[in-house]
Asker: 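Take a look at this one; I'll ask things after.
Atoms within a ligand are numbered from 1 in the order they appear, just like the ligands themselves. The structure displayed is predicted, hence computed values, not measured ones.
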Amino acid sequence: MNKIFNFDANKLVEKYGTPLYVYNKETIIDNYQKLKSSFQKYYPKTDVHYAVKANTNLAILKILEEEGASVDCSSPFELLTSEKAGFTSEKIMYTGNYESISDLEAAVKSKATINLDDISSLKRLLSFHLPERISFRINPGIGRGGFEGIVTGGTDAKFGVPYEDASKAYKLAQINGIKRFGIHMMTGSNNLEPYYFAEIVDKLLTIAGKVFEQLGTQPEYVDIGGGFGIPYHDEEIPLNLELTAQLVSEEFREKCKKYNLGSPRLKIEPGRYIAANAGYLLSKVTGTKSSYKKFVGIDSGMNTLLRPALYGASHQHFILGKDTATEPVNLCGRICENSDIFAKHIYLPEAELGDIVITKDAGAYGYAMASNYNGRLRPAEVLIDQGRDKLIRKRETLKNLFNLYPEDL
Ligand code: LLP
C-alpha cells in the first residue's frame, strides 16, 4: 500500500510528521449524501443529524454544514464548535447524559432542540427555563452494538428513560407547560443488520403510540439515533443502506398510521457511517522486538486510537510501500499498559525502524477519544481536498500541556 485517498502518504509524513490523522473531504460528503438520499428516497421528511462526538474537528463540521446536514451534540464544546461551523439553531440537537445545569444552560443558550436523558434532567431544565419543545431519549428495553461496550439500550444501559416511565415523563413535561414534542432513542453503535433498525423503530413507535395518545398530541419528530455500522474487515458484510432505509421507512409509516402519530419528521444521527472510512491514522515504527512474541512498536497507541484497547476493536493495518506479509506480529503503542495493543497476531510485512504503518477506518472515534496518557501529545489532523492537503488541527505541544498548570505552582 502506497497511497491513501490517492495521495502519497510519504509526502504527508514528511510534511506533518506522525502520528497523523488524515481525512478525505470527498469521502465524508459521499457518505453523508448516500445516507441522506437513501432515507429521503423512502421517507422525504428525513433529517440527518451528524453525531459530532464521532469526529469533532471544525473543518469536518464545516463540510457537513455546507452539505446541508444537521448535528447532534453531546457537550457545550460540541455545541460551540457546531455554531462556529455555521450550523443554525434549528439544525442543532443536544443529547446529553446526566446533564448538569450548566450543560443545559449551554443548550438553551444555543437554542438547540433539547433531547433529555431522564425525568430528573427535565426537572433540572425546568428549574431555570421553560422550553417550547423537547424530546426524551427513551430506552426501549433492547440494544445491540458491534461489541458490548457500544450497546446503549436495554437493561444494562445507563442511558435514557426506561420505556415503562415514558408516559410519566412526557406528562410531567406537558403539565409544566411544554407544548411541542419529539421522541428519541439510541440503542447501540456499529450495527450491520438492516432488520435490527426496523425492529427498534417498531419498539419506539409502539411506545410513542401510548405516550402521545395520553398527551392528546402528535410528535413533531421521531429520532431513531445512529448506529449505522461499517465493515472494518474484508470478511464483514457492509450495511445494506438501501434495504435499511426501505425497512425503516415502511415500519415508520405503518406504525405512525397504526398509532395515529401523524407524519413526523424522521431523524437519524449517524457518526461512524459518515466519518470512519474517511480517515486513516499514520504512525511510525519506533522499535521492533523478538520476545516471547514478535512485537512492532509504533508512535501511536491507546492514547491516539483507544478503540482496540477499550473494546478489543480491530482495524486493518498496512506498512507503507511493503506488500508481502511475512510473519505474525503484535502491533503495539508505547504506553505503559499491556492493553496498549492495536492488533494481536496479524500478518504484516517485515517492519523496520522508521516504516510507516497505515491504520484504516480511523476517522470516527479516533482523534475524538485521544488522550495525553503517559504525557504523550495528541496528533495533528490533515484534510485532503481535491488532491490538496491542509492542516486542520495542529499537533499538540509540550507547551500546551504545561499551560494548564497555574503560574504559582
Ligand atoms: N447519537 C447518540 C445520542 C449517540 O450517543 C451516538 C453514539 C450516536 C448518535 C452516533 O452513533 P454511531 O452512528 O456513530 O454509531 N466510541 C465507540 C462508539 C460509541 C458510540 C456512542 N454514541 C466506538 O469507537 O466504536
Asker: Kindly compute the distance separating NE2 (His129) from NZ (Lys109), expressed to the nearest 0.5 Å.
Answerer: 14.0 Å

Asker: CZ of Phe159 to CG of Asn97: how many Å apart, nearest 0.5 Å?
Answerer: 5.0 Å

Asker: What I want to know is whether Tyr273 and ligand 1 share at least one N or O pair that is separated by under 3.5 angstrom.
Answerer: no

Asker: Among all protein non-hydrogen atoms, which one is nearest to atom 25 (O) of ligand 1, and what is the separation to 0.1 Å?
Answerer: Arg272 NH2, 2.8 Å

Asker: Mind checking the CZ-CG spacing from Phe342 to Asn330? Nearest 0.5 Å is all I need.
Answerer: 13.0 Å

Asker: Can you check which of His49, Lys53, Glu269 brings a heavy atom nearest to atom 4 (C) of ligand 1?
Answerer: Lys53

Asker: Are any of the heavy atoms in Pro270 under 4.0 Å away from ligand 1?
Answerer: yes

Asker: Can you tell me if Gly225 contacts ligand 1 (heavy atom of the residue under 4.0 Å from the ligand)?
Answerer: no

Asker: With a 4.5 Å limit on heavy-atom distance, are the side chains of Val222 and Lys267 in contact?
Answerer: no

Asker: Please identify which atoms of ligand 1 are closer than 4.0 Å to at least one heavy atom of Thr95.
Answerer: 3 (C)

Asker: Can you list the ligand 1 atoms lying under 4.0 Å from a non-hydrogen atom of Met369?
Answerer: 16 (N)

Asker: Identify, for atom 19 (C) of ligand 1, the protein heavy atom at the shortest distance, and state residue, atom and that distance.
Answerer: Ile150 CG2, 3.9 Å

Asker: Tell me whether Phe159 reaches ligand 1 (any heavy atom closer than 4.0 angstrom to a ligand atom).
Answerer: no

Asker: Evaluate the side chain to side chain donor-acceptor pair (under 3.5 Å) criterion for residues Tyr94 and Glu78: first the C-alpha distance (whole Å), next the side-chain angles of each, then the deciding distance (0.1 Å), finally the verdict.
Answerer: CA-CA 9 Å; Tyr94 183 78; Glu78 290 184 6; over 6 Å; no

Asker: Do Ser189 and ligand 1 have an N or O pair less than 3.5 Å apart?
Answerer: yes

Asker: Only one of Phe228, Phe252, Tyr32 forms a ring-ring contact (aromatic ring centres under 6.0 Å, His included) with Phe39, so which one is it?
Answerer: Phe228

Asker: Note the single closest protein heavy atom to atom 24 (O) of ligand 1, along with its residue, its atom name and the distance in Å.
Answerer: Arg307 NE, 2.6 Å

Asker: Would you mind telling me if ligand 1 is within reach of the side chain of Thr152, the backbone, both or neither, using heavy atoms under 4.0 Å?
Answerer: neither

Asker: I need the atoms of ligand 1 closer than 4.0 Å to a non-hydrogen atom of Gly226, numbered in the order shown.
Answerer: 9 (C), 13 (O)

Asker: Measure from the ring center of Phe136 to the ring center of Tyr170 and say whether it is less than 6.0 Å.
Answerer: yes

Asker: Can you list the atoms of ligand 1 that are under 4.0 Å from a heavy atom of Arg137?
Answerer: 3 (C)

Asker: I want to know whether Phe5 and Tyr23 have ring centres closer than 6.0 Å.
Answerer: no

Asker: Closer than 3.5 angstrom, by distance alone: can the side chain of Lys45 be matched with the main-chain N or O of Ser263 as a donor-acceptor pair?
Answerer: yes

Asker: Judged on heavy-atom distance to atom 7 (C) of ligand 1, which of Tyr94, Tyr311, Tyr365 sits nearest?
Answerer: Tyr365

Asker: Looking at atom 12 (P) of ligand 1, what's its closest protein heavy atom, distance included?
Answerer: Gly227 N, 3.4 Å

Asker: Quickly, which of Asp103, Ile101, Val108 forms a side chain to side chain contact (heavy atoms under 4.5 Å, CB included) with Glu105? Name it, please.
Answerer: Ile101

Asker: Report yes if Gly271 has an N/O atom closer than 3.5 Å to an N/O atom of ligand 1; otherwise report no.
Answerer: yes

Asker: With a 4.0 Å cut-off on N to O distance, would you call Lys91 and Glu65 a salt bridge?
Answerer: no

Asker: Suppose I only count heavy atoms of Ala51 and a 4.0 Å limit; which atoms of ligand 1 are within that range?
Answerer: 8 (C), 9 (C), 10 (C)

